[in-house]
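One structure below.
On a predicted model such as this, the values are computed, not experimentally measured, just so you know. Just so it is clear, the values below take in all heavy atoms, side chains as well, and ignore hydrogens, waters and symmetry mates. Note that the numbering runs from 1 along the sequence shown for the chain.
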Amino acid sequence: MNILLWVLQILLALHTAIGAVWKFSNSEQTVPSLKAIPHGAWLTMSVLELLLSLCLILPIFNKSLAILAPIAAACIAAEMLLFCGLHIYSGDANYSPMIYWLVVAAIGAFIAYGRLVLKPF
């Protein structure tokens with residue numbers, strides 16, 4: 001279980017870092033259902049995502065920072081659920097982005113649960 005959690009943490013960290021870089025180079029207007037997010041908040045989210053991706057992998061180097069991984073995973077899951085809520089609120093009939101965000105949220109929730117309950121560091 002520990003190996004699975006580490007693999008998922010590394011993949012989620014890469015995914016989140018890539019998403020943060022994408023947010024820097026693309027406007028929130030790129031995804032129609034996310035137009036409600038102000039540009040300053042969009043850029044703040046990208047900085048936060050870079051920090052969260054770092055928090056997912058820091059326990060590899062320093063075990064005393066192990067609590068950061070489940071917190072970061074839960075924050076990423078919450079952000080994905082926020083995107084889902086905004087998508088539903090926008091009334092967009094295309095649910096493919098929402099399915100993607102729900103899968104990422106489930107992975108983040110599984111990592112948080114796994115690190116806090118199933119297999120702590």
query: What closest approach, in Å, do Leu86 and Ala36 show between heavy atoms, and which atom pair accounts for it?
result: CD2-CB, 4.2 Å
- request: Just say parallel, tilted or perpendicular for the rings of His87 and Tyr95, cut-offs at 30° and 60°.
  value: perpendicular
task: Find out if a path of hydrophobic residues (ILVMFWY) with successive side-chain heavy-atom gaps under 4.5 Å connects Leu118 to Ile107.
output: yes
query: Within a strict 4.5 Å, meaning less than it, do heavy atoms of the Ile60 and Trp6 side chains meet?
result: yes
- request: State, with a plain yes or no, whether a side-chain heavy atom of Leu102 is found less than 4.5 Å away from one of Met80.
  value: no
statement: Closest non-hydrogen contact found for Ala66 with Pro59 is CA-CG, 3.8 Å
message: Side chains of Arg115 and Asn2, heavy atoms from C-beta outward: is any pair under 4.5 Å?
response: yes
task: Check whether any side-chain N or O of Glu49 sits under 3.5 Å from a backbone N or O of Ala17 as a donor-acceptor pair, and report yes or no.
output: no
- request: Please report the C-alpha distance between Ile37 and Met45 in whole Å, then the side-chain angles of each, then the deciding distance to 0.1 Å, and finally whether the side chain to side chain contact (heavy atoms under 4.5 Å, CB included) criterion is met.
  value: CA-CA 10 Å; Ile37 300 174; Met45 288 169 69; 4.2 Å; yes
query: Any side-chain donor paired with an acceptor under 3.5 Å for Asp92 and Ser90?
result: no
query: Val7 and Leu52: same hydrophobic cluster, using ILVMFWY side-chain contacts below 4.5 Å?
result: no
- prompt: At what distance, to the nearest 0.5 angstrom, does CG of Leu58 lie from CD1 of Ile67?
  reply: 13.5 Å
message: Do Phe83 and Tyr89 sit in one hydrophobic cluster, given that two such residues count as connected whenever their side-chain heavy atoms are within less than 4.5 Å of each other, even indirectly?
response: no
task: Quick one: sort the Trp42 and Trp22 rings into parallel, tilted or perpendicular, breaks at 30° and 60°.
output: perpendicular
message: Any side-chain to backbone donor/acceptor pair from Thr16 onto Ala13? Under 3.5 Å, distance only.
response: no
message: Is the shortest side-chain heavy-atom distance between Ile88 and Met98 below 4.5 Å?
response: yes
task: State the CG-CD1 distance between Leu65 and Ile71, to the nearest 0.5 angstrom.
output: 10.5 Å
task: Check whether the ring centres of His15 and Tyr100 lie less than 6.0 Å apart, and answer yes or no.
output: yes
Between CG on residue Leu11 and CG on residue Leu56, distance to nearest 0.5 Å: 11.0 Å
- prompt: Distance from Cys75 atom SG to Leu68 atom CG, nearest 0.5 Å?
  reply: 10.5 Å
- prompt: Transitively linked via ILVMFWY side-chain contacts under 4.5 Å: Leu8 with Ile18?
  reply: no
query: What closest approach, in Å, do Pro70 and Ala112 show between heavy atoms, and which atom pair accounts for it?
result: O-CB, 3.5 Å
- request: Determine whether Ile3 and Val117 fall in the same hydrophobic cluster, where Ile, Leu, Val, Met, Phe, Trp and Tyr are linked whenever their side-chain heavy atoms lie under 4.5 Å apart.
  value: no
task: Calculate, to the nearest 0.5 Å, the distance between atoms CD1 and CG belonging to Ile111 and Leu116 respectively.
output: 11.5 Å
- prompt: Do the non-hydrogen side-chain atoms of Leu5 and Phe110 ever get within less than 4.5 Å of each other?
  reply: yes
field: Candidate pair Trp101 and Leu82, rule side chain to side chain contact (heavy atoms under 4.5 Å, CB included), full reasoning
entry: CA-CA 9 Å; Trp101 294 323; Leu82 169 74; over 6 Å; no
- request: With the side chain counted from C-beta on, respond yes when Leu14 and Ser53 share a heavy-atom pair under 4.5 Å apart, and no when they do not.
  value: no
